[in-house]
Amino acid sequence: MQDSIIQKITLEGFEFYVKRDDTLGLINGNKARKLYYFLQNKALYKPNTRFVSFGSTQSNALAALSDFAKQNDFKLLFITPKISNFLKENPQGNFAYALKNQACIIENTSNLSLEQKALSLLEKDDVFIPCGVACKEAELGLQKLAEELKRQSECLGLEFDLFLPSGTGTSAAFLAKHSCFKVFSCACVGDKAYVKAQITKLIPHYDFSNLFFLEPPLKFHFAKPQKELLSIYHKALKQCKIEFDLLYDSVALLTLLAYQKAFTKPVLYIHQGGLLGNKSMLERYKHKFGSF
Ligand SMILES: *Cc1c(COP(=O)(O)O)cnc(C)c1O
């Protein structure tokens, strides 16, 4: 994996740096970092090995895993909640993308949880990937990112405060473990307590001394269209010429701006990639608020 560039931008008058992990390639953003171990070790798995995972039909993890399987002649089995007839008849966004990559998307019609259902389908030699690629293997790619950031910061003669949003918190937790810089994040799925619990589930006795969660300055529900989130997306697009993700980055950018005076070092924001998912979100925004 090649280093992604660091760029200086100004958003709403606040100057900070962006690590362009959205430019890493077909698989990009934190999913590229979290899948790094599997990409490095793909020779360990026979052709047609089944990777089994679960989550939302529009998740970036689904798209990234479908690319990973397609590129390497593996199979992806992905368990989702019941899929609406509308989406089945009009596939779009990450769901359509994964179908094109021949992902086998299985609706959970049982009483089992998605995870239980996924586990029930496991056969010998299958590889199970937890929801959102929140697994121990994710550590290697985040460790590599920490090393890359150290090298790049030395070249630039700068020290940073790092900022990235959290879903499961896996990316932020492993980055904070390995980085010489402080890592700041905000919970985008559930609240701070939920993310911290997710992290501790994955990494028992996790030491939070280098990971700081900031409270987003607005009330929101994950993946629910909200004007403020669309507004900062458009501002970033216009003022910085960078497209950010609507689900996580929008929340994080608003949080970053709200706390801009609290940072003691220049901020380096880590772009989370996954822009494919914006397409279906923008459709939902249009449906809810009309055209912008
Ligand atoms: C998956 C994803 C996240 C969440 O990453 P975690 O490691 O689960 O915290 C954040 N932003 C984007 C764009 C994602 O696709």
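Whatever order the structure lists ligands and atoms in, that order sets their numbers, starting from 1.
Against a heavy-atom cut-off of under 4.0 Å, Gly273 is close to the following atoms of ligand 1: 13 (C). With ligand atoms numbered from 1 in the order given, ligand 1 contributes 6 (P), 8 (O), 9 (O) to contacts under 4.0 Å with heavy atoms of Gly169. Residue Asn60 has at least one heavy-atom neighbour below 4.0 Å for each of these atoms of ligand 1: 13 (C), 14 (C), 15 (O). Those atoms of ligand 1 with a heavy atom of Lys34 less than 4.0 angstrom away are 5 (O), 6 (P), 7 (O), 8 (O). Near Thr168, meaning under 4.0 Å from any of its heavy atoms, are these atoms of ligand 1: 6 (P), 7 (O), 8 (O), 9 (O). Annotation for ligand 1: atoms under 4.0 Å from non-hydrogen atoms of Lys31 are 1 (C), 2 (C), 3 (C), 14 (C), 15 (O).
When only interatomic distances are considered, the shortest N/O to N/O separation between Ser166 and ligand 1 does not fall below 3.5 Å. Note: no N/O pair closer than 3.5 Å links Gly274 and ligand 1 by distance alone. By the 3.5 Å distance cut-off applied to N or O atoms, Ala172 is not counted among the residues near ligand 1. For Tyr248, no nitrogen or oxygen atom sits less than 3.5 Å from a nitrogen or oxygen atom of ligand 1, counting backbone and side chain alike. Not a single N or O atom of Asp245, backbone or side chain, sits closer than 3.5 Å to an N or O atom of ligand 1.
Aromatic ring pairs are classed by plane angle as parallel below 30°, tilted from 30° to 60° and perpendicular above 60°; the pair Phe74 and Phe68 is tilted.
A donor atom on one side chain and an acceptor atom on the other are found under 3.5 Å apart for Lys75 and Asn48. For the residue pair Gln92 and Tyr97, no side-chain donor N or O sits within less than 3.5 Å of a side-chain acceptor on the partner. A side-chain donor from one of Tyr269 and Asp249 sits under 3.5 Å from a side-chain acceptor of the other. Side-chain contact annotation: Gln152 with Lys19, donor-acceptor N/O pair under 3.5 Å present. Between the side chains of Gln272 and Asp21, no donor-acceptor pair is found at a separation under 3.5 Å. For the residue pair Ser166 / Ser185, a side-chain donor-acceptor distance below 3.5 Å is found, with atom types taken as modelled.
Scanning the protein heavy atoms around atom 4 (C) of ligand 1, the nearest turns out to be Gly167 N, 3.5 Å. Protein heavy atom at the shortest distance from atom 3 (C) of ligand 1 is Asn30 ND2, 3.1 Å.
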side-chain contact (heavy atoms from CB on, under 4.5 Å), that's the test. Do Gln58 and Leu87 meet it? Break it down for me.
CA-CA 10 Å; Gln58 291 299 1; Leu87 184 60; 3.9 Å; yes
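A salt bridge is defined here as a Lys NZ or Arg NE, NH1 or NH2 lying under 4.0 Å from an Asp or Glu carboxylate O, and Glu139 with Arg33 fails to meet this definition.
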